[in-house]
Amino acid sequence: MENTSKLSEVLPFLPQHFQSMIKKLPWEILNSMEEIRLRQGKPLMVVCSRNDYFVSGQGLPVTAPHQGYSVTEDDLRNAVQLVCNFSFYSVEEELKNGFVTISGGHRVGICGKTILENGRIKTIRDISFLNYRIARQVLGAADPVISHVIRSPGLIYNTLILSPPQCGKTTILRDLVRQLSNGIGHSFAGCKVGLVDERSEIAAASFGIPKNDVGVRTDVLDSCPKAEGIIMMIRSMSPDIIATDEIGKAEDADAVVAAVNAGVKLVTTIHGSGMEDFFRKQDLKRLHTQVFERYIILSRRQGPGTIEAVMDGDCGQVGGGNDT
Amino acid sequence: MILKLFGGLLVVAATGGLGFLFSYRYSSRPRELRSFRRLLQMLETEIVYGATPLPHALVSIAGRLQGSYSIFLEYTSQLLSKRTYSSVREAWVNAVETILGKTALTGPDRELLKSFGNVLGCSDREDQQKHFSLLYIQLKQQEDAAEEERKRNARMCKSLGVLFGAAVFILFV
C-alpha cells in the first residue's frame with residue numbers, strides 16, 4: 001500500500017495515456033515498482049525490485065520489446081513539460097545535475113544532448129530519455145545497522161554509507177536520521193540532527209517543510225550545496241549530528257573535516273561498491289584516514305538494502321555479511 | 001413642428017450613437033493589443049528574472065490586472081496546475097479561444113498569440129527572452145495596423161452616423 005501511494009505522487013507527472021496504461025498493471029508490479037523509464041522510439045518500461053517489464057498500449061506487462069508501447073517524441077516533450085511544471089526555465093540549475101526533483105522527493109533523471117558553455121554543462125536539449133525514480137520511505141530500513149552506528153547513549157560514530165546506485169543508500173540514511181533524531185528507547189537518547197538536503201531527496205521538503213518523517217530533532221536545510229550547508233549548520237543550528245547525501249567533491253571533503261574538527265558527528269553516503277572505490281576517489285583524499293569510524297557497504301544481492309559489511313575505521317569487519 | 005424636430009433629433013442621436021459604437025470597436029483593438037503587450041512584459045520579468053514556475057507567474061500577474069486578461073491568465077494557470085493538458089500549448093490555445101474570443105482582438109491577433117503557446121515555458125531563460133522580444137515586434141506590427149485602421153475608420157464611423165441621421169431627417173421632413 002505504502003508504495004502505491006508513492007506511485008500516485010509520481011503519476012501526475014506522466015502524460016495522461018501513460019497514467020492509464022500504468023494504472024492497469026497488476027497490483028504486484030505496482031507495489032514493487034522502482035522506476036518508470038521513457039526512451040524515445042523504445043518501449044515504455046517499468047523496473048521493479050526483481051524484474052523489469054515493458055508495458056503494452058493496453059496496460060499489460062509484456063516481455064517482448066516490440067509488444068510494448070513505443071514512446072514518441074511528443075510523449076517525451078509533454079512528459080518533460082509536466083516534470084518541470086511547464087517551466088523549463090525554472091529547472092535550469094537542476095538540469096545541470098541531470099535530474100529534476102518533483103514534489104514528494106521523487107527524482108526524474110534526464111538524458112539528451114548536452115549543451116556546453118566554457119567547458120561546463122549549460123543545459124540539456126533534445127531530451128530523449130527520462131527515468132522516474134520512485135522514492136520511498138521505509139521506516140525501519142536502518143534497523144540492521146543502527147546498533148553499529150551508536151557508540152553510547154548520546155554519541156554515534158562518524159559513519160559513511162557506501163553503495164552503488166539503487167541499493168537503498170538514501171533510504172537507509174533517511175531512516176538513520178529519523179531514528180537518531182527521535183531516540184531509540186534506552187539505547188539512544190535523541191540528538192539534534194542537522195540535515196543538509198542538497199537534492200531534496202532525504203526529507204522531500206516542499207516549501208521548506210519535510211514531507212518525509214525525518215525525526216523530531218531534525219533541522220533541514222533544503223536544496224543547499226553540501227559544502228556551504230555543513231558550515232552553515234555548524235554555525236547556526238548547533239547540531240550534534242550532521243547528515244548529508246552523496247559527498248564527492250573536494251570542497252565537500254573540506255566541509256566534512258571542518259565538521260568533524262568542530263566536534264560534530266557525521267553521517268553521509270557515497271557512490272561505490274566497496275572500500276576500494278572510496279580509496280580511489282582522489283577528491284576525498286582528506287577523508288581516507290581518521291575521519292570515519294564506521295563504513296556500511298550496501299548491495300542489492302538480496303534486494304535493495306542488502307548489507308554487505310559494516311567496518312570500523314581501520315577496515316576491520318564488525319558486522320554485516322551473512323550474520324545479519 | 002416641435003414634435004417633428006424632436007423626432008428628427010432622436011433619429012440623429014440614434015444613428016450617431018451607432019456610429020460611435022462602431023468607432024469604439026475600432027479604438028478598443030489597439031488599446032487591448034497594447035495592454036496585452038504590457039501583460040507579456042510582466043510575464044517576461046517573472047520568467048527571465050524571477051524564474052517563477054509558469055502557473056504561479058500567471059496567477060501573480062492576474063492579480064495585478066483586471067477584466068478579461070485577468071480571467072485569461074487565471075484560467076490558463078488553472079488548466080496547467082490541474083494538469084488538464086500535458087502541454088502548455090494545448091492549455092494556452094484553449095484559453096485564448098475560450099476567453100479572448102469575446103475581446104476586440106481579431107482572428108489574426110489570436111492566431112499570433114496562440115502560436116506563442118508553442119514556445120512559452122519550453123526553453124531556458126535566455127531563449128524565452130528571445131521569444132518574448134520577437135512576439136513584441138509582431139504584436140507592435142498588429143498594433144500599428146490596428147491604430148492605422150482606427151484613425152481611418154473611427155472618425156468616419158462617427159461622422160457617417162451623424163450624417164446618415166441628418167440625411168434621414170432632411171428626407172422625411
Side-chain angles (χ1 to χ4, degrees), chain A residues 8-22 38 44 71-96 100-104 108 110 112-118 120-127 130 132 206-207 223, chain B residues 40-62 72-96 114-135:
Chain A
S8 63
E9 292 176 353
V10 175
L11 283 180
F13 293 89
L14 282 159
Q16 246 143 36
H17 54 294
F18 282 58
Q19 293 184 28
S20 47
M21 277 187 254
I22 287 172
L38 278 58
L44 170 67
V71 178
T72 66
E73 193 182 346
D74 262 352
D75 291 335
L76 270 158
R77 199 177 303 132
N78 290 345
V80 170
Q81 291 208 7
L82 290 166
V83 165
C84 62
N85 199 7
F86 305 105
S87 323
F88 194 82
Y89 54 83
S90 69
V91 295
E92 272 174 64
E93 280 308 310
E94 291 164 276
L95 275 184
K96 288 178 189 165
V100 175
T101 308
I102 55 178
S103 64
V108 182
I110 290 173
K113 180 179 165 56
T114 53
I115 308 289
L116 298 182
E117 193 177 64
N118 304 326
R120 304 196 62 159
I121 295 169
K122 185 172 169 245
T123 185
I124 302 182
R125 268 216 335 239
D126 306 329
I127 295 168
L130 286 180
Y132 292 72
S206 142
F207 296 99
S223 329
Chain B
L40 286 170
Q41 274 162 350
M42 288 192 242
L43 188 58
E44 186 191 354
T45 315
E46 289 281 349
I47 287 177
V48 175
Y49 300 100
T52 321
L54 201 54
H56 293 274
L58 293 174
V59 168
S60 90
I61 298 169
F72 166 71
L73 293 174
E74 197 90 45
Y75 183 70
T76 319
S77 167
Q78 265 186 20
L79 288 181
L80 291 179
S81 23
K82 282 188 189 153
R83 296 175 181 266
T84 320
Y85 298 106
S86 307
S87 68
V88 179
R89 185 177 54 82
E90 292 165 283
W92 181 263
V93 166
N94 177 325
V96 169
K114 275 190 220 169
S115 70
F116 190 58
N118 288 327
V119 293
L120 180 62
C122 294
S123 54
D124 56 24
R125 283 186 274 180
E126 216 174 290
D127 204 53
Q128 289 285 299
Q129 195 161 25
K130 285 182 198 153
H131 285 302
F132 271 103
S133 311
L134 178 64
L135 184 64

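Since the structure is predicted, the reported quantities are computational estimates derived from the model, not experimental observations. Computed from heavy atoms alone, side chains included, the values below leave out hydrogens, waters and symmetry copies. To find a chain, count down the sequence lines: A is the first, B the second, and so on, and within it residues start at 1.
With no hydrogens or angles considered, a side-chain donor-acceptor pair links B:Ser87 and B:Glu90 at under 3.5 Å.
Comparing B:Arg125, B:Glu126, B:Gln128 by how many heavy-atom pairs each has under 4.5 Å with chain A, the most go to B:Arg125.
Using a 4.5 Å heavy-atom cut-off against chain A, the contacting residues of residues 46-56 of chain B are B:Ile47, B:Ala51, B:Thr52, B:Pro53, B:Leu54, B:Pro55.
By the 4.5 Å heavy-atom criterion applied to side chains, A:Ile115 and A:Ile124 are not counted as neighbours. Within the 4.5 Å cutoff, the side chain of A:Gln16 has no heavy atoms near those of the B:Tyr85 side chain.
The backbone N or O of A:Asn85 sits less than 3.5 Å from a side-chain atom of A:Ser87, completing a donor-acceptor pair.
To the nearest 0.5 Å, atom CH2 of residue B:Trp92 and atom OG1 of residue B:Thr76 are 6.0 Å apart.
In terms of heavy-atom proximity, A:Lys96 sits nearest to A:Lys122 at CE-O, 3.5 Å.
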